[in-house]
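Shown next, in structure tokens, is the structure this report addresses.
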Amino acid sequence: MGISHLNGDRAYRTVSNSTRAGNTRNLINAELVVSVSWLIKLRWIAGAGVLIVTVVIENIFHLGAPYTMLYGIGVSILLYNLYFYVSEQKASKSNRSEIYYQRLTIWQTVLDWIAMTLLFHYSGGIESPAIWYFIFHIIISAIFFPLNIAFTISILAILLVSGTTFLEYVGILTHQPLSGFLPQPLYQQPLYILGVLGFYSSTAVIVTFLVGSIQNHLRQRESEIIELTENLQRTTKRLQALNECAKIVGSTLELKQVLERMVETTAKAMEARACSIRMLDKSGRYLEPVAVYGLSQTYINKGPVDGLTNLLARETLSGKVVNIPNAPESPLLQYPEEARAEGIKSMLSAPLLGKNGPMGILRVYAVEPNRFNQEDEEFISAIAAQGSIAIENALAYQGIQELDKMKSQFIQMVTHELRSPVSVTRSLLRTITAGYAGDLNEQQRDILDRAVRRIEFLQKLVDDLLDLATGKAQPKLDERPVPTELIAVIRRVIARYQIPVKEKGITLEFLNKCQCEEIRVYATIEGLDRILNNLLSNAVKYTLKDGKVTISLERMDGEVHLAVQDTGIGIPEESLPKLFQEFYRAPNAKEIENEGTGLGLSIIKDIINRFGGRITVESKLGKGSTFNVFLPLEGVEKP
Ligand code: ADP
């Protein structure tokens with residue numbers, strides 16, 4: 001699935017160019033929205049300015065001018081600005097579209113140009129100092145509009161000024177001078193007109209060019225920053241998704257959970273409409289949907305996907321990431337009509353590869369055509385690689401669980417079948433050794449005694465195996481832990497060992513550190529008996545003459561600590577981690593005791609776990625061992 005990073009860069013740039021154009025457009029639109037309210041603020045000043053200047057030239061400089069018209073222009077500016085102000089306030093509350101703002105800006109510009117042309121005409125035309133006010137609007141346009149529109153606007157400004165001047169020059173429009181402002185009328189002096197218009201026009205064009213270029217440059221920079229930020233966000237999102245998938249790999253072994261979390265994470269990280277995983281069925285040929293996010297049931301059930309004949313599946317299963325830019329038209333698709341109906345326009349498929357070949361396909365779906373680029377291909381193959389590990393782990397775990405179940409069932413079946421012949425043989429042998437079948441000579445008795453010992457060991461083995469097998473199955477209702485008195489069970493089990501202990505020459509002691517006659521734990525009587533019996537029998541079995549076995553009982557925070565300590569042979573350090581495994585026996589134990597199944601500890605660990613408790617062991621080779629059992633006390637919330 002090797003995908004080179006250099007190639008990725010090329011694809012990335014293709015996307016970047018279109019993204020950048022989009023960003024610039026968005027920026028211009030965003031500026032338009034801001035420009036509307038900014039222009040309104042400026043216009044209050046402009047309208048008031050026209051009125052103030054008119055008052056000043058009328059009352060202080062006493063110039064002759066069409067004052068009614070000038071006041072009228074000032075008031076009109078303020079009035080139509082009031083209208084724009086109210087509209088803008090309403091629009092910002094109702095979240096109007098960018099088109100609305102564009103229209104608002106165009107109308108403002110049109111009215112402003114009319115007002116400025118009137119102001120220009122009624123304040124002396126080509127002789128008017130107001131001519132330079134056009135430049136403000138040219139600057140504003142160059143800031144807010146793209147360069148081509150800004151140039152159109154500045155040409156319009158030139159045409160309006162030149163047009164008015166021309167009409168006044170030829171007398172179609174009556175010249176409205178500010179009498180007393182200039183020593184002599186200039187509006188009919190061609191040289192003056194040409195000079196002013198020439199400088200005015202070139203200023204307009206140069207200003208537009210300068211402001212527009214600077215603004216363009218700034219916009220480009222801004223859109224680059226936006227694009228970089230977006231890239232960064234996308235990369236972070238994808239890293240998070242990869243991290244999430246890594247967590248999934250480590251957190252659960254449940255196959256269904258693994259797959260479902262994977263499809264959701266992938267779809268969200270790639271901002272895609274949907275994601276699915278299809279796995280090869282047992283025949284290794286058909287792909288079955290096993291986890292789906294964001295697809296309709298109709299699409300999922302569209303029909304069988306044959307890994308041999310379905311071109312897209314075949315190509316992907318061969319180990320390639322397959323990018324379909326226009327799904328409904330692709331010849332690789334087996335169900336193009338269904339994809340069209342589902343609204344899917346592009347697809348990206350990656351193989352899920354296990355140690356023994358392809359296992360399935362991970363696929364993302366998008367509603368836009370040509371949606372996925374090389375960067376996406378790299379990402380999906382990384383996700384698919386991680387997913388494959390998760391799937392393999394989960395499958396292996398599933399296999400182990402099934403095997404374990406099968407093993408338990410097998411043991412249960414075999415031992416059940418063995419139990420009755422073994423027990424019948426044992427009682428038959430006992431009948432003979434007890435002399436009910438006639439007298440035995442010493443040699444016969446000796447042989448039969450050995451046979452009885454062997455058959456008793458066999459009986460224990462069968463019992464242990466049955467316990468182990470049933471323990472793995474779900475506990476039955478009457479085996480559920482209930483508050484059970486522990487001290488009585490301890491005393492009963494100790495009583496059982498009085499004779500073997502004496503015969504072996506060891507001391508057995510019970511230390512009741514909780515100073516109570518009764519203590520209840522969550523357990524069953526049979527379970528407690530089994531636990532204590534096993535620990536005590538081991539302690540006695542693996543402790544040599546003159547040794548000591550101590551059972552102690554202590555009440556702790558919410559639990560009972562039961563310890564069976566001996567001064568016996570101890571357990572080699574390397575054996576400690578394997579001690580609770582089925583059939584495991586430490587080498588030093590095998591040396592001193594031939595008979596032993598290595599099942600006892602594994603069985604009692606299972607029982608203790610079912611009671612919500614735990615078991616630990618501490619031991620020193622040649623010095624002795626301590627087995628610690630912790631069981632939850634009655635009345636304490638069980639874990
Ligand atoms: P078994 O006693 O039948 O071998 P268990 O499962 O009860 O089976 O014990 C497993 C192994 O743990 C024993 O074979 C022995 O090596 C070790 N073991 C258990 N209890 C003790 C003990 N008290 N002292 C030393 N070794 C022990």
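Treat the numbers as computed from the prediction; the structure is a model and nothing was measured. Both counts, for ligands and for their atoms, begin at 1 and track the order of listing.
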**OP:** Compute the shortest N/O to N/O distance between Ile569 and ligand 1 and return yes if it is under 3.5 Å, no if not.
**Re:** no
Original post:
Can you name the nearest heavy-atom pair linking Arg363 to Ser349, along with the distance?
Top reply: NE-OG, 2.6 Å
**OP:** Kindly confirm or rule out a cation-pi arrangement of Lys460 over Phe457, judged by NZ or CZ under 6.0 Å from the six-membered ring centre and within 45° of its axis?
**Re:** no
Original post:
Does Lys541 come within less than 4.0 Å of ligand 1, judged by its heavy atoms?
Top reply: yes
Original post:
Is there any N or O on Ser602 that sits under 3.5 Å from an N or O of ligand 1?
Top reply: no
Original post:
Are any of the N or O atoms of Arg585 closer than 3.5 Å to those of ligand 1?
Top reply: yes
**OP:** Could you tell me whether Leu601 approaches ligand 1 through its side chain, its backbone, both or neither, with non-hydrogen atoms closer than 4.0 Å?
**Re:** both
**OP:** Examine Gly600 against ligand 1 and note whether any of their N/O atoms are separated by less than 3.5 Å.
**Re:** yes
Original post:
With atoms numbered from 1 as shown, which atoms in ligand 1 lie under 4.0 angstrom from a non-hydrogen atom of Leu599?
Top reply: 6 (O), 8 (O)
Subject >> Top protein contact for atom 2 (O) of ligand 1, by heavy-atom distance >> reply: Asn538 OD1, 2.9 Å
Subject >> Atoms of ligand 1 close to Ser625 [distance to a heavy atom under 4.0 angstrom, numbered from 1] >> reply: 24 (N), 25 (C)
Subject >> Which atom of Tyr299 lies closest to which atom of Met347, heavy atoms considered >> reply: OH-CE, 3.4 Å
Original post:
Taking Lys256 for the side chain and Ala291 for the main chain, is one N or O donor matched with an acceptor at less than 3.5 Å?
Top reply: no
**OP:** Considering non-hydrogen atoms only, spot the tightest contact between Leu287 and Gly307 and give its length.
**Re:** CD1-CA, 4.4 Å
**OP:** Just need the protein heavy atom nearest to atom 3 (O) of ligand 1, so name the residue and atom and give the distance.
**Re:** Thr597 N, 3.0 Å
Original post:
Does Tyr584 have a heavy atom less than 4.0 Å from any atom of ligand 1?
Top reply: yes
Original post:
At a non-hydrogen distance cut-off of under 4.0 Å, which region of Asp566 contacts ligand 1 (side chain, backbone, both, or neither)?
Top reply: side chain
**OP:** Run the contact test for Gly568 against ligand 1 with a 4.0 Å cut-off on heavy atoms, strictly below, and give the result.
**Re:** no
**OP:** Assess the side chains of Tyr365 and Ser276: does a donor N or O sit below 3.5 Å from an acceptor N or O?
**Re:** yes
Original post:
Which is closest to atom 1 (P) of ligand 1 by heavy-atom distance: Gly570, Pro587, Ala586, Gly598?
Top reply: Gly598
**OP:** Examine Ala589 against ligand 1 and note whether any of their N/O atoms are separated by less than 3.5 Å.
**Re:** no
Original post:
What's the spacing between Ile447 CD1 and Leu429 CG if we round to 0.5 Å?
Top reply: 12.0 Å
Original post:
So which protein heavy atom does atom 12 (O) of ligand 1 come closest to, and at what separation?
Top reply: Leu579 CD1, 3.4 Å
**OP:** Please report which non-hydrogen protein atom sits nearest to atom 13 (C) of ligand 1, along with the residue it belongs to and the distance in Å to one decimal place.
**Re:** Tyr542 OH, 3.6 Å
**OP:** Examine the proximity of ligand 1 to Asn534 and report which part, side chain or backbone, both or neither, has a heavy atom under 4.0 Å away.
**Re:** side chain
**OP:** Indicate whether the side chain of Tyr584 and that of Ser575 have a donor and an acceptor atom separated by less than 3.5 Å.
**Re:** yes
Original post:
If you count the atoms of ligand 1 from 1 in the order shown, which ones are under 4.0 Å from a heavy atom of Ala539?
Top reply: 23 (N)
Original post:
Which heavy-atom pair separates Val263 from Glu260 by the least distance, and what is that distance?
Top reply: CG2-O, 3.2 Å
Original post:
Where is the tightest heavy-atom contact between Thr433 and Arg445, given as atom of each residue plus distance?
Top reply: O-NH1, 3.2 Å
Return a table of donor-acceptor pairs under 3.5 angstrom between the side chains of residues 621-633 and protein atoms on other chains or two or more places apart.
{"from": "Ser625", "atom 1": "OG", "to": "Ser619", "atom 2": "OG", "distance (Å)": "3.0"}
{"from": "Asn628", "atom 1": "OD1", "to": "His561", "atom 2": "NE2", "distance (Å)": "2.9"}
{"from": "Asn628", "atom 1": "ND2", "to": "Thr616", "atom 2": "OG1", "distance (Å)": "3.3"}
{"from": "Asn628", "atom 1": "ND2", "to": "Glu618", "atom 2": "OE2", "distance (Å)": "2.9"}

Subject >> Closest approach of any protein heavy atom to atom 26 (N) of ligand 1, naming residue and atom >> reply: Ile571 CG1, 3.3 Å
**OP:** Give a yes-or-no answer on whether the side chains of Asn533 and Arg496 include a donor-acceptor pair shorter than 3.5 Å.
**Re:** yes
